[in-house]
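Data block below; observations after.
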Amino acid sequence: MMQSGGTGRETWGSKLGFVLAAAGSAIGLGNIWRFPYVLGENGGFAFLIAYLACVVLVGLPIMGAELAIGRGSGRNPVGAFKALLPGSLWWVVGGVGLLTGVLILSYYSVLAGWTVFYLTQSATGEIIFPTLAGDIVTALTFASTGLHIQFAQHMTESLFTGFVTNSPLVLLFHFIFMILCLLVVSQGVEKGIERYSKILMPTLLGLLFLLIIRSVTLPGSFDGLVFLFKPDFSKLSLDVILLAMGQAFYSLSLGMGVMITYGSYLDRKTNLFASGATVAGLDVGIALLAGVVIFPAVFAVGLEPSSGPGLTYIVLPAVFGKLPAGSLLATLFFLLLTIAAVTSAISLLEVMVSFATDEWKWKRRRATIIMAIVAFVIGVPSAMSFGDWSNATIFGLGFFDLADFLSANILLPVGGILIALFAGWAWGSEKVKAEIRDGNPELKLFPVWIWMVRILAPIAVLIVLMTNII
Ligand code: PHE
């Protein structure tokens, strides 16, 4: 174990372990479930350029700021601001980040629970060949028109609706997923989060490559790549730019303190800019590759890419049903999704746990159990929002969609602006410089970075937010 400063705080066992854990946090349902359809629907290559601009101009600088704040303080997000600027009110930024994290974990675990359910079902072939009584007539109608694949999709849609409206079952899988996260986080940073990330992230990569090869070798798959990447600059409205920015924050796990917390376990030899850039590069790369798995397969079987959850849980099962060895492919895909979800959700739980262990001096085990219960309970309305509580809406959105929208498009960007301003102005330029210098003695890119966190990133985020609110 690499020790930092003899504070007794846990540290990552190796640099690779940290990078894999941080990439594990970044690479999640956001990459595989959200990014591909947002990209396809909002102008393909044109959206990609807007997204990459957000990652480079806003995401990377804030990633550096969070890692520096974390390592510099050796604390959770609330304690970090308190330690670096005692007596100020900056800790509120960490507090809001913590609450944002709880909110994200609460609905993330619901969505991840669906994924675990689909994993259990795909292994048995259940989701791709659902047998639903009462659908015979529809079956005959579709069969007579030769629309077999549409029929398959009709069946997977019934299965999906049947599942998400079954609140007890959704709650059960929300619970099971939270237990999985609890088991990892309760074992600690090096022996839990890092150890599992080192096994799970390479597995995820392997699965992804297997699925890519299958997908792009299907006849007719090229149309999917066209859909994904065809540039349509007419779609680039301000709304779409907000979407790109929200996606960048969400996907890189920025703006609420995951990277502060993970940074707090770093040794002083790590180059913060270089490892932050590696994490961001892996994140963007895997999001693109996920698109390359999904769309070619969808087009190859002649289906339309739909948006949102429907793509993953309705269209893809129908696609798998059409392919040879479909249940094996479905199993691999939902395993990939489950792995991505676990390594992200544990980072959210770790933020809460590090807060309770640092600030309230709780033992890790106790902190993990209680925080997992809190996130589970807060997730209940999201779990029910597709079923029994589907009529309860705020601003026209159910709990689940509201939690998703609020966190990605408002809370994370606002948190990001404040984190950048703290690192750029409030903390003190000599102190930030000294922090970055450890592991990066020549301070490469520091002069560029400091102006990005001081001016460029906060203003860019503010403009995008304001133009959407007004
Ligand atoms: N980055 C994760 C994803 O893409 C989600 C996440 C957001 C995790 C914020 C932690 C913090 O799915």
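Atoms within a ligand are numbered from 1 in the order they appear, just like the ligands themselves.
Taking all heavy atoms of Ile104, Val351, Leu348 into account, the minimum distance to atom 11 (C) of ligand 1 is reached by Leu348.
Side-chain atoms of Ser251 and Asp283 include a donor-acceptor pair closer than 3.5 Å.
Looking at Trp12 and Tyr262, their side chains come closer than 4.5 Å, going by heavy atoms from C-beta outward.
Checked by distance only, ligand 1 and Leu412 stay at 3.5 Å or farther apart across all their nitrogen or oxygen atoms. Between Gly30 and ligand 1, an N or O atom pair is found at a separation short of 3.5 Å. At least one N or O atom of Ala26 sits closer than 3.5 Å to an N or O atom of ligand 1. Checked against a 3.5 angstrom limit, the closest N/O atoms of Ser25 and ligand 1 fall inside it.
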Stepwise side chain to side chain contact (heavy atoms under 4.5 Å, CB included) test for Trp114 and Phe160 = CA-CA 9 Å; Trp114 297 1; Phe160 178 70; 3.6 Å; yes
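Of the protein's non-hydrogen atoms, Ser253 OG, 3.3 Å is the one closest to atom 8 (C) of ligand 1. The single protein non-hydrogen atom nearest to atom 5 (C) of ligand 1 is Tyr250 O, 3.6 Å, given as residue, atom name and distance.
Of the candidates Ser344, Ser253, Ser197, Ser253 is the only one forming a side-chain hydrogen bond (donor to acceptor under 3.5 Å, both in side chains) with Ser25.
Here the closest non-hydrogen pair linking Leu98 and Met352 is CD1-CA, 4.1 Å.
When heavy-atom distances to ligand 1 are checked against a 4.0 Å cut-off, Arg34 has no atom that comes that close, whether in backbone or side chain.
Look at Phe249 and you'll find every heavy atom at least 4.0 Å from all atoms of ligand 1.
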